[in-house]
Amino acid sequence: MIRVHAAVLSWYAANARELPWRAPDRTPWGVLVSEIMLQQTPVVRVQPVWHEWLRRWPRPADLAAEAPGEAIRAWGRLGYPRRALRLHAAATAIVERHDGAVPATYDELIELPGIGDYTAAAVASFAFGARHPVLDTNVRRVLARAVAGTQYPPTAPTAAERRRAEELLPDEQTAPTWAVAVMELGALICTAKTPRCGTCPIATVCAWRLAGSPPDDGPPRRGQPWHGTDRQARGRLLAVLRESTDPVPKHQLDTAWPESIQRERALDALVADGLVEPLDGDLFRLPTTTAN
DNA sequence: GAAGCGTGGGT
DNA sequence: TACCCAAGCTT
């Protein structure tokens, strides 16, 4: 296992992408913002939005002082806009509970809105140097192949995966770099569809590779439908509201989605989620105050 | 534990 | 063209 660590670490040293949230001048807040934005969203799309957010809101208190709707607007088209709302809520919680400083421990981080196991581990590790297993989709895929010998990891993280990640964790000095290096390997080499095994630093010890790269024998992964779904309708409605600084009359929202039943349901859900604020006179806008 | 939640680029 | 899928979280 020592050789595997050395191989991955030296590969990372030579091949790591230069990303702003990895730069020496990064802040814990910048790391936290990047991790939320990167949930289910590719790096190339996150970069420009991250820069704008950090320029505009360099500290948690700066974001907390804004209306939540501004976070949603600045989120742009990253997708899953609830993340913006929760990031705003997290900033508020950081001000209230932690005096405006991003907390350093996993246990404190995971108590913040929108932060689950992965993000808490990632921030603790990358921003504060903690020794903690970081199990994202990249790491899970790399370990599934290299160690378990399967093409894909299970649908949801299992105890066996955690144990594997735990066992591979190097000393505290190296753990954060190891975590980001395995992630990077999964993102650049050990990709989901067509892995670049020809340039993989651990191809010679990869259990899946050594077994002849057998295809996945698990249940087929179900893709999510999109066209005609409530999600698409919500996206259309929110796009109209993001583009307007003034409250939007309902008849204007009506043009965003043709099916009235579904449109009403989607709009109601957006209001219930706190992503949209209804006003008197059939007007709607992004929220100026925290809902609930 | 499964379902719901956005978006757009790659194949 | 239709999928697939990209640093998940919440209910």
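In what follows, chains carry the letters A, B, and so on, assigned in the order in which the sequence lines appear, proteins first and then strands, with residues in each chain numbered from 1. Fair warning: this is a prediction, and the values are worked out from it, not measured in the lab.
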Engineer: In terms of hydrophobic clustering (I, L, V, M, F, W, Y; side-chain heavy atoms under 4.5 Å; direct or indirect links), are Trp178(A) and Leu188(A) co-clustered?
Structural biologist: yes
Engineer: Between the base of dG4(B) and the side chain of Arg231(A), is there any donor-acceptor pair under 3.5 Å?
Structural biologist: no
Engineer: What side-chain donor-acceptor pairs closer than 3.5 Å can you find for residues 27-38 of chain A, not counting sequence neighbours?
Structural biologist:
{"from": "Thr27(A)", "atom 1": "OG1", "to": "Gly30(A)", "atom 2": "N", "distance (Å)": "3.0"}
{"from": "Trp29(A)", "atom 1": "NE1", "to": "Trp57(A)", "atom 2": "O", "distance (Å)": "2.9"}
{"from": "Ser34(A)", "atom 1": "OG", "to": "Val31(A)", "atom 2": "O", "distance (Å)": "2.7"}
{"from": "Glu35(A)", "atom 1": "OE1", "to": "Tyr118(A)", "atom 2": "OH", "distance (Å)": "2.6"}

Engineer: When you group the ILVMFWY residues by side-chain heavy-atom contacts below 4.5 Å and let the links chain together, are Leu238(A) and Val248(A) in the same group?
Structural biologist: yes
Engineer: In whole angstrom, what separates Arg141(A)'s CZ from dC5(C)'s P?
Structural biologist: 9 Å
Engineer: Quick one: label Ala192(A) by what it contacts on the DNA or RNA (base, sugar-phosphate, nothing), any heavy atom closer than 4.0 Å.
Structural biologist: sugar-phosphate
Engineer: Toward the 5' end of DNA chain C, which comes first, Lys193(A) or Trp21(A), by nearest nucleotide?
Structural biologist: Lys193(A)
Engineer: If you pin Arg83(A) and Val44(A) to their nearest nucleotides in DNA chain B, which one's is more 5'?
Structural biologist: Arg83(A)
Engineer: Establish whether the base of dG1(B) is bridged to the side chain of Thr155(A) by a donor-acceptor pair shorter than 3.5 Å.
Structural biologist: no
Engineer: Does Gln39(A) have a side-chain nitrogen or oxygen under 4.0 Å from the phosphate oxygens OP1 or OP2 of dA7(C)?
Structural biologist: no
Engineer: Does the base of dT7(B) carry an N or O that pairs as donor and acceptor with the side chain of Arg45(A) under 3.5 Å?
Structural biologist: yes
Engineer: By the 4.0 Å heavy-atom rule, please label Leu19(A) as base, sugar-phosphate, or nothing.
Structural biologist: base
Engineer: Any side-chain N or O of Thr119(A) less than 4.0 Å from the OP1 or OP2 oxygen of dC9(C)?
Structural biologist: yes
Engineer: Name the orientation class of the two ring planes belonging to Tyr106(A) and His132(A) (parallel below 30°, tilted from 30 to 60°, perpendicular beyond 60°).
Structural biologist: parallel
Engineer: So which nucleotide from dC5(B), dC5(C), dG6(B) ends up closest to the side chain of Asp230(A)?
Structural biologist: dC5(B)
Engineer: Under 4.0 Å, heavy atoms only, any strand: does Arg265(A) hit a base, just the sugar-phosphate, or nothing?
Structural biologist: nothing
Engineer: Which part of the nucleic acid, if any, lies within reach of Arg77(A) when heavy atoms closer than 4.0 Å are counted: base, sugar-phosphate only, or nothing?
Structural biologist: sugar-phosphate
